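Residue numbers start from 1 in every chain, and the chains themselves are labelled A, B, ... in the order their sequence lines are given, proteins ahead of strands. Everything numeric in this text was worked out from a predicted model, so none of it was measured.
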Number of protein chains: 2
Amino acid sequence: MLEKKQNPLFVGTLAKGLRVLRAFDESHVSLSLAELVKLTGLEKSAVQRLAHTLHQEGMLERDPGTRRYRPSHAWLELAYAYYWSDPLISRALPKLVEFSRVHGETVNLAQISGDHIIYALRLPNQRTQFAASIIGRRVAALGTAAGRVMLATWSAQEVAHALESWPLHAMTPKTITDRAVIAQEIAQAAQDGYSLTQGQMILNEISLAVPITGIDGRAHAALQVAVSSHSFDPERVRQELLPALLDTASGIPGETLMQEPRS
Amino acid sequence: MLEKKQNPLFVGTLAKGLRVLRAFDESHVSLSLAELVKLTGLEKSAVQRLAHTLHQEGMLERDPGTRRYRPSHAWLELAYAYYWSDPLISRALPKLVEFSRVHGETVNLAQISGDHIIYALRLPNQRTQFAASIIGRRVAALGTAAGRVMLATWSAQEVAHALESWPLHAMTPKTITDRAVIAQEIAQAAQDGYSLTQGQMILNEISLAVPITGIDGRAHAALQVAVSSHSFDPERVRQELLPALLDTASGIPGETLMQEPRS
DNA sequence: AGTTGATGTATCATTATTTAATACATAGTA
DNA sequence: TACTATGTATTAAATAATGATACATCAACT
């Protein structure tokens, strides 16, 4: 039915079901059948059946009154399984907790995910925007200190490729959209071993990121602290937070050397 | 192919795909094709196709060397969508952050989910077990202070039903498995407005929970603090933490009165 | 009240898709 | 080298998903 022919191993029905799940996001917190039809582009009958099945299987809640579908607790259980599956998480979490406890500032673990970063762990400390406090958020990597400091550990070709092809979205009036400037920032981060941004995601926010590097020196994750520019200026961040953050990051091995044994 | 006949709206293929996803948990962090076959009970060919599709669609990572499948970052994105969809989360989060900042102790938001509780928000402060620090964990409700204090706001019939039919698993040598004793605890919690347990989930841990009640007085969520019995005794918890926790919980409305508008 | 339009629900013949068996490929072990 | 377990590829067969359609329900408007 769809124009795109695939490998015979491809199960279209499952892919469609996933499209229904992924229709939910921060601007679509609950969806009616008709809305699902619009968002997924699937047939009304198909959405009816898929949503029914997802509901039966406990993946979607349904409001009996409005008949709208919502994500279920199962979506949090999946995150739980993810956390166990990613070996970096268990190594990083205690260090983040310790940093948060000592410094009382917001600290995050970001991982590269294609051309975005995703926040895998967040320990919010100050009042901040909701989106900036919850895990799973994806942001264009080039626009973040975390993304830049990871790129700073990569090869020149990889950086060049990222600079010309990765997306970049203006989030605040101060967001840098000039890729040449970002190239500079990455080069600077490569020298300094950290990246610091101001007001890129949220106004009046200073963000400091350091890489979590593996044995080959390449980073796929970064530690990041976010502070308000009302309480900090960049210099104070460098003096008070940077050494501790570097220290914390160095205590987190960036790579696993062995595979999991059979279960 | 399965013996169970369903509503014609039920799409079996999608349900099978979900079974593959749900095969991953804390003791199955990565799975080979053969292991997926065992765990899901599906045909090898089916698993081959479903896993292939989930991989194509970005729901499963695959190690090119070992050919084992793992959860992908998409699992965290789903949690992100969940957080936006549940209106309690955005109301509770800033209060939890504030509590955590002021008291420096671990605080959680638990929600009832069938006969289990699920930890929807966690702000760990002290070093503690990994499982106790990450969101999405489900625990038998009767065995937790949070579950008991929620039940304490329910009707006598509901409590009776829960006491006789809900599961209960011994996690530590001190775990109470006598349902009569738990009945007592619930009755006590109904009087006190809080529930306090010691060493039920983790030895040397004291857990204090208070309900988040809606206008009808029934709770579907609870705030819970966990402290080490090395630093606290129950009396000190009651004196130092309980008033603040009650205060925090009372600042979180437990129910929404209006529905979301169309998108 | 009655009409209209939008949404959710139910049914069913058609056929495209999944199925499950099998054969082949590859890798690790004895 | 042979053996076993695991992953991959290819089919014919028929099951199970499809999508069109009809019906039901509800809200808004005249």
Expressed as a whole number of angstroms, how long is the span from [X]:[atom1] to [N]:[atom2]?
X	N	atom1	atom2	answer
B/L31	D/dA5	CG	P	19 Å
B/L42	C/dA20	CG	P	9 Å
A/E43	C/dT14	CD	P	19 Å
A/L33	C/dA10	CG	C1'	13 Å
A/L54	D/dA17	CG	P	13 Å
B/L36	D/dT8	CG	P	12 Å
A/F10	C/dA16	CZ	C1'	15 Å
B/K16	C/dT19	NZ	C1'	8 Å

**Prompt:** What nucleic acid atoms does B/S45 come within less than 4.0 Å of, heavy atoms only: base, sugar-phosphate, or nothing?
**Reply:** base
With a 4.0 Å limit, can you tell me whether [X] has a side-chain N or O closer than that to the phosphate oxygens OP1/OP2 of [N]?
X	N	value
B/T13	D/dA17	yes
A/K44	D/dT18	no
A/R62	C/dG8	no
A/R49	D/dA17	no

**Request:** Compare all side-chain heavy atoms of B/F24 with those of B/V29 and state whether any distance is below 4.5 angstrom.
**Result:**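 No - every pair of side-chain heavy atoms lies 4.5 Å or more apart.
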**Message:** A side-chain contact here means heavy atoms from C-beta on lying under 4.5 Å apart; do B/L50 and A/L14 qualify?
**Reply:**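 Answer yes - side chains close enough.
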**Prompt:** Of all the nucleotides listed (D/dT8, C/dG8, C/dT19), which has the minimum atom distance to the side chain of B/Q48?
**Reply:**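 The listed nucleotide nearest to B/Q48's side chain is D/dT8.
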**Residue A/V11, side-chain heavy atoms: nucleotide from C/dT18, D/dG7, C/dT9 that is nearest** = C/dT18
**Prompt:** Taking the nucleotide of DNA chain D with the closest heavy atom to each, which residue, A/L50 or A/R67, is nearer the 5' end?
**Reply:**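 So the residue in question is A/L50.
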**Request:** Check the angle between the aromatic planes of A/F130 and B/W84 and answer parallel, tilted or perpendicular using the 30° and 60° thresholds.
**Result:** perpendicular
**Request:** Determine, using ring centers only, whether B/Y80 and A/W75 are less than 6.0 Å apart.
**Result:**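 No, the ring centres sit 6.0 Å or more apart.
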**Prompt:** Quick one: do A/R22 and B/E57 make a salt bridge, cutoff under 4.0 Å?
**Reply:** yes
